[in-house]
Student: 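Submitted below is the structure of interest, expressed as structure tokens.
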Number of protein chains: 2
Amino acid sequence: MNIIESKPDTAALDRIFAALADPTRREILRRLASGPAPVGELVEPFDISQPAVSKHLRVLADAGLVSREPRGQQRLAHLSAAPMRAASDYLAEFKAHWDARLDQLGAVLAELVSITERKEHD
Amino acid sequence: MNIIESKPDTAALDRIFAALADPTRREILRRLASGPAPVGELVEPFDISQPAVSKHLRVLADAGLVSREPRGQQRLAHLSAAPMRAASDYLAEFKAHWDARLDQLGAVLAELVSITERKEHD
DNA sequence: GATATTCATAACTTAATGGTTATATATAAG
DNA sequence: CTTATATATAACCATTAAGTTATGAATATC
């Protein structure tokens, strides 16, 4: 079986979605999108302790969403967005359904067209 | 502020991602993608109790991912995928980062910068 | 080498999650 | 009207999660 096309094992999706379910972690990811940062810098914007941020970073790293790079006495966190693709691919399976209202709209339009056509045939 | 373009409040994203973080719930959603189903039918494929499934359905409903329709003595669960769009939109912010080649390029550039800086300090 | 800085880890608390069994409620069927 | 079926809810248990404070380990600085 082709690794490239294989579906991600569900445990990986578990970790990715769980990591994304926390607003602090999403903020951290957003910050990292603009470049790597040491832990201290990631603590600043939040009203939580440094160990709390370190724990969030561990959750993100376990999900594969950040990598760590020792840099002197600090440890830079890098965004590693690749696993998000698995999450995005999962959601894409439902795209057809979240356009359902468009489908409904389509039905309404079809009905209107139908009515219009009937009128035209009067 | 335009409701249509407003970003989803973070609590909504919390619930959506958390709902998606459980493999049983993802299986339920996949089943519902092929049409509404009563609770009993959703229990069958799993080795867990009916109340457990009812609780999963409540989590999914709280996230807006399923709606319930009483139908006689059963309660049909319908997929309601619209909120997934918010999750998908969130992930889309990172698309530029999850391309593997861009990641590698980024790493290479970082390395070059690192080397350059070291040289500058010589 | 002593001290400061940066971060991780340990130990703990509280709350949330996912499961269970037992039971209640509502509708359907006899 | 009684009984069966479908589902929800309650009460409980074990595990995980998110936070805390205290402390340890590694690196930088004086």
Side-chain angles (χ1 to χ4, degrees), chain A residues 10-29 31-32 35-79, chain B residues 10-32 35-79 114 117-118 121-122:
Chain A
T10 93
L13 272 186
D14 289 359
R15 284 190 294 269
I16 295 164
F17 280 127
L20 294 172
D22 183 278
T24 300
R25 286 194 289 264
R26 289 198 304 273
E27 274 305 305
I28 289 174
L29 290 174
R31 161 63 188 81
L32 294 181
V39 177
E41 191 177 321
L42 296 173
V43 172
E44 283 169 10
F46 301 105
D47 197 23
I48 61 179
S49 63
Q50 169 263 311
V53 171
S54 284
K55 279 169 68 170
H56 281 307
L57 288 171
R58 172 185 272 277
V59 171
L60 289 166
D62 286 350
L65 296 174
V66 313
S67 61
R68 315 298 308 270
E69 178 200 358
R71 183 110 173 174
Q73 58 190 348
Q74 35 195 23
R75 290 186 66 197
L76 297 188
H78 296 254
L79 176 65
Chain B
T10 92
L13 272 186
D14 290 359
R15 284 190 293 269
I16 294 164
F17 280 127
L20 294 172
D22 183 277
T24 300
R25 286 194 288 264
R26 289 197 305 275
E27 274 305 306
I28 289 174
L29 290 174
R30 178 162 291 158
R31 162 62 188 82
L32 294 180
V39 177
E41 191 177 321
L42 296 173
V43 172
E44 283 169 10
F46 301 104
D47 198 22
I48 61 179
S49 65
Q50 169 263 311
V53 170
S54 284
K55 279 169 68 170
H56 282 307
L57 288 171
R58 172 184 270 277
V59 172
L60 289 167
D62 286 349
L65 296 173
V66 313
S67 61
R68 314 299 306 271
E69 178 201 357
R71 183 108 170 176
Q73 57 189 349
Q74 37 195 22
R75 289 186 66 197
L76 297 188
H78 295 254
L79 176 65
S114 161
E117 283 173 349
R118 260 178 272 144
H121 287 296
D122 281 350

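Residue numbers begin at 1 in each chain, while the letters A, B, ... track the order of the sequences.
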Student: Looking at every strand, decide which applies to Q74(B) at a 4.0 Å heavy-atom threshold: base, sugar-phosphate, or nothing.
Tutor: sugar-phosphate
Student: Measure from the side-chain N and O atoms of R68(A) to the backbone N and O of R58(A), and report whether any donor-acceptor pair falls under 3.5 Å.
Tutor: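 The answer is no, because no donor-acceptor pair under 3.5 Å joins these two groups.
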Student: What does R71(B) touch in the nucleic acid at a heavy-atom separation under 4.0 angstrom: a base, only the sugar-phosphate, or nothing?
Tutor: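 Result for R71(B) = nothing.
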Student: Could you tell me if the side chain of L32(B) sits less than 4.5 Å from the side chain of L65(B), heavy atoms only?
Tutor: no
Student: Name the closest nucleotide to the V39(A) side chain, picking from dT5(C), dT21(C), dC7(C).
Tutor: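 Given the options dT5(C), dT21(C), dC7(C), the side chain of V39(A) is closest to dC7(C).
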Student: Below 4.0 angstrom from OP1 or OP2 of dT7(D), is there any side-chain N or O of R68(B)?
Tutor: no
Student: dA18(D), dT27(D), dA8(C): which one has an atom nearest the side-chain heavy atoms of Q50(A)?
Tutor: dA8(C)
Student: May I ask you to decide if L20(A)'s main-chain N or O and R26(A)'s side chain share a donor-acceptor pair within less than 3.5 Å?
Tutor: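 Side chain of R26(A) to backbone of L20(A): a pair is present.
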Student: Closest approach of L60(A) and A19(A), non-hydrogen atoms and distance?
Tutor: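 Residues L60(A) and A19(A), closest heavy atoms: CD2-CB, 4.1 Å.
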Student: Between dT7(D), dG18(C), dT9(C), which nucleotide has the shortest distance from any of its atoms to the side chain of S54(A)?
Tutor: dT9(C)
Student: Mapping I48(A) and P38(B) to their closest nucleotides on DNA chain D, which lands nearer the 5' end?
Tutor: P38(B)
Student: Can you give me the closest heavy-atom contact between R15(B) and A63(B), atom names plus distance?
Tutor: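 That closest heavy-atom pairing would be O-CB, 3.6 Å.
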Student: Base, sugar-phosphate, or nothing: which does P51(A) touch, judged by heavy atoms less than 4.0 Å apart?
Tutor: base
Student: Among dG19(D), dG18(C), dT7(D), find the nucleotide with the atom closest to the side chain of H56(A).
Tutor: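 The answer is dG19(D), which lies nearest to the side chain.
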Student: When the distance from CZ of R15(B) to P of dT17(C) is rounded to whole Å, what number comes out?
Tutor: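 One finds 11 Å between P of dT17(C) and CZ of R15(B), rounded.
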Student: Looking only at the side chain of R58(B) (C-beta and beyond, no hydrogens), which of the listed nucleotides dT20(C), dT9(D), dA8(D) gets closest?
Tutor: dT9(D)
Student: Using whole Å, report how far CD of E44(B) lies from P of dA6(D).
Tutor: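 Those two atoms, CD and P, are 10 Å apart.
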Student: When you measure from the side chain of R31(B) to the backbone of P45(B), do you find a donor-acceptor pair of N or O atoms at a distance under 3.5 Å?
Tutor: no
Student: Rounded to the Å, how far apart are E27(B) CD and dG18(C) P?
Tutor: 16 Å
Student: Can you identify which nucleotide, out of dT5(D), dA11(C), dG19(C), has its nearest atom closest to the K55(A) side chain?
Tutor: dA11(C)
Student: Can you tell me the distance, in whole Å, between the CZ atom of R75(B) and the C1' atom of dA24(C)?
Tutor: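 Taking atom C1' of dA24(C) as the reference, CZ of R75(B) is at 15 Å.
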Student: Please confirm whether the shortest side-chain N or O distance from S49(B) to OP1 or OP2 of dG19(C) is below 4.0 Å.
Tutor: no
Student: Output the rounded distance in Å from CG (L60(A)) to P (dA18(D)).
Tutor: 10 Å
Student: Rounded to whole angstroms, how far apart are CG on D62(B) and P on dG18(C)?
Tutor: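 These atoms are roughly 12 Å apart.
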Student: Could you state the atom-to-atom distance from CG of L76(A) to P of dT6(C) in whole Å?
Tutor: 13 Å
Student: Does D47(B) or Q73(A) map to a spot on DNA chain C nearer the 5' end, using the closest nucleotide for each?
Tutor: Q73(A)
Student: Atom CD of E41(B) to atom C1' of dT5(D): distance rounded to whole Å?
Tutor: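 Roughly 16 Å, once rounded to whole Å.
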Student: For A52(A) and G72(A), find the nucleotide of DNA chain D closest to each by heavy atoms; which residue's nucleotide sits nearer the 5' end?
Tutor: A52(A)
